[in-house]
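Residues: numbered from 1 along the sequence shown.
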Amino acid sequence: MFEVVIGLEVHAQLNTKTKIFCSCPTSFGEEPNTNVCPVCLGLPGALPVLNEEAVRKAISFGYAINATVNKKSIFNRKNYFYPDLPKGYQISQFEIPIVENGELFITLKDGKTKRIGITRAHLEEDAGKNIHHGNESYVDLNRAGTPLLEIVSEPDMRSAEEAVEYLKKLHAIVRYLDISDANMQEGSFRCDVNLSIRPKGDDKFYTRVEIKNLNSFRFIQKAIEYEVERQIEAWEDGTYEEEVVQETRLFDTKTFETKSMRGKEDSAEYRYFPEPDLLPVILTEEMLESGKNIPELPDEKKERFVKDYKIKEYDATVITASVEMARFFEEMIDEGASPKLAVNWLTVELVGRLKGEPIEKSPVNAKKLASLVKRIEDSTISGKGAKEVLDHLMENDIEVDEAIEKLGVKQVSDDGAILAMIDEILSKNADKVEEYKAGKEKLFGFFVGQVMKASKGSANPQLVNKLLKERLSS
Ligand code: ADP
Ligand code: MG
Ligand code: ZN
């Protein structure tokens, strides 16, 4: 039996307006090579100036993961040659990163909580992009110099599921802190997976490979599954030594296989040395203090939802997994929707109808969904009627009450109208009324059904129940 050992390196692009060492904008999707200047082009003599916003964002991340925020940290040059790196080195942090020794907690399928250590988080600049068209290659340096926070975990994860849960939690944290857009498709939240296997019970670490090119949770899952399989097979075939070597592997998004890309560089090969053009980063008391001022994070929000709104732990986890979803829910509550119904109408009915689109794209906003929920609560419509209304609202930009009128789904909650229907049903079924009164109580359901049918489903069922009981006991 084998155990899987996984450690993750995440590069989160910080959402500052300008780059980390110059004042070029960080906007995405511009004409190639338009957001550039002598600093990010690496022209001789150009000097970097550190962006304070990037530092502030790194500090608040540090506090959010319970880490040590180093009052003094140092930038280093990491030397390597690649066309998208015009200086021939990347400015990064090495011996003394800004953030060290943090942690976050993931919730597993069985409901248990597991701690994942975060070794460090350091600031660095992004490289540009190489673009290949047929036989030609181009370099776009718009991204060069974009601030990154590289977040390195301890090798604490033991399955693809744990790795994905860790990433989702990390993703939620940076989004809650509003320090990164963390858009995986656009590359502002990138993950490398380090993976090895070992016989269960063994506590030493074996050779790891690093897998790159993973831009969705699904690909990460698939890459891990493939790689675990490959390493176990090699072990069992007796070819582990030759086939599992320390290297960088690329995930192929078509075949779902990982393929060897290059041997893994040793850190010595990067010839790290202190960046002579930048002073050490010394954080002021003001920066440290204001960095502690962080918004409510997913775990705290979840606890509060369970405690204050009495919703299920599972539902609270689903809702707080994304900051937009949590905001949507809270707005519904502020609008007066009851928490229980709000959970169901948000996470089941609305999310189901969004078919994978994010909640920000919902044509029905929190206020509208709350009005719909309130119409169920005040018995204007039934749950069934509300589903029809929501279907209609997904396609039409009209108010809830307007849609209720238009679709004619209002429940009859008028005692007189319902009593008239009840009396008619009872007089038509005088024999059954006799039987009921003689003790055949299950006929009650039959009467309810008949009244609902007579009202074509529009009668308020609670009221029908109540009035029928009164009539039959008199
Ligand atoms: P590098 O900077 O060369 O990539 P690090 O020592 O910083 O190397 O480790 C990178 C990542 O690899 C970390 O997330 C760490 O937890 C993980 N890691 C280290 N050893 C192993 C191993 N044997 N199996 C799986 N992951 C590992
Ligand atoms: Mg690495
Ligand atoms: Zn620039």
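E296 has a carboxylate O that lies under 4.0 Å from a charged side-chain N of K301, or vice versa, which qualifies the two as a salt bridge. The pair D126-R190 counts as a salt bridge, with a side-chain nitrogen and a carboxylate oxygen less than 4.0 angstrom apart. The existence of a salt bridge linking D156 and K114 is excluded, since no basic side-chain nitrogen approaches an acidic carboxylate oxygen closer than 4.0 Å.
Side chain to side chain, N76 and Q93 fail the donor-acceptor criterion of an N or O pair below 3.5 Å. Between E53 and T16, the side chains place no donor N or O within less than 3.5 Å of an acceptor N or O (distance only, hydrogens not considered). For H11 and E124, the side-chain atoms include at least one donor-acceptor pair closer than 3.5 Å.
Under the 4.5 Å side-chain criterion, counting only non-hydrogen atoms from C-beta, L350 is in contact with S362. Two residues are said to be in side-chain contact when any heavy atoms from C-beta on lie closer than 4.5 Å; R304 and Y309 meet this criterion. Taking the side chain as every heavy atom from C-beta outward, Q246 and V209 never approach each other to under 4.5 Å. Annotation: side chain of H392 is in contact with side chain of I398 (closest heavy-atom distance under 4.5 Å). Put simply, the side chain of I116 does not reach to within 4.5 Å of the side chain of I118, judged on heavy atoms. Within the 4.5 Å cutoff, the side chain of I311 has no heavy atoms near those of the K340 side chain.
The side-chain tip of K307 does not point at the ring of F305 from less than 6.0 angstrom away and within 45° of straight on. For the pair K78 and Y272, the cation does not sit on the ring face, since its NZ or CZ is not both under 6.0 Å from the ring centre and inside 45° of the axis.
For H132, the ring-ring contact (aromatic ring centres under 6.0 Å, His included) criterion is met by no residue, not counting sequence neighbours.
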Ignoring hydrogens and angles, write down the donor-acceptor pairs under 3.5 Å from the side chains of residues 32-50, residues two or more places apart or on other chains.
residue	atom	partner	partner atom	Å
N33	OD1	L141	N	2.7
N33	ND2	V139	O	3.0
T34	OG1	E31	O	2.7
N35	ND2	P25	O	3.4
N35	ND2	S27	OG	3.2

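Environment of CD in E161: crowded, with over 12 heavy atoms of neighbouring residues, nucleotides or ligands closer than 6.0 Å.
Between Y89 and N79, the shortest heavy-atom contact is CB-OD1, 3.4 Å. Contact record, T207 with V245: CG2-C, 3.5 Å, taken as the closest heavy-atom pair.
In this structure, F251 and F219 have tilted ring planes: the angle between them lies in the 30° to 60° band.
Once rounded to the nearest 0.5 Å, the distance linking CG of D84 with CG of N130 reads 4.5 Å.
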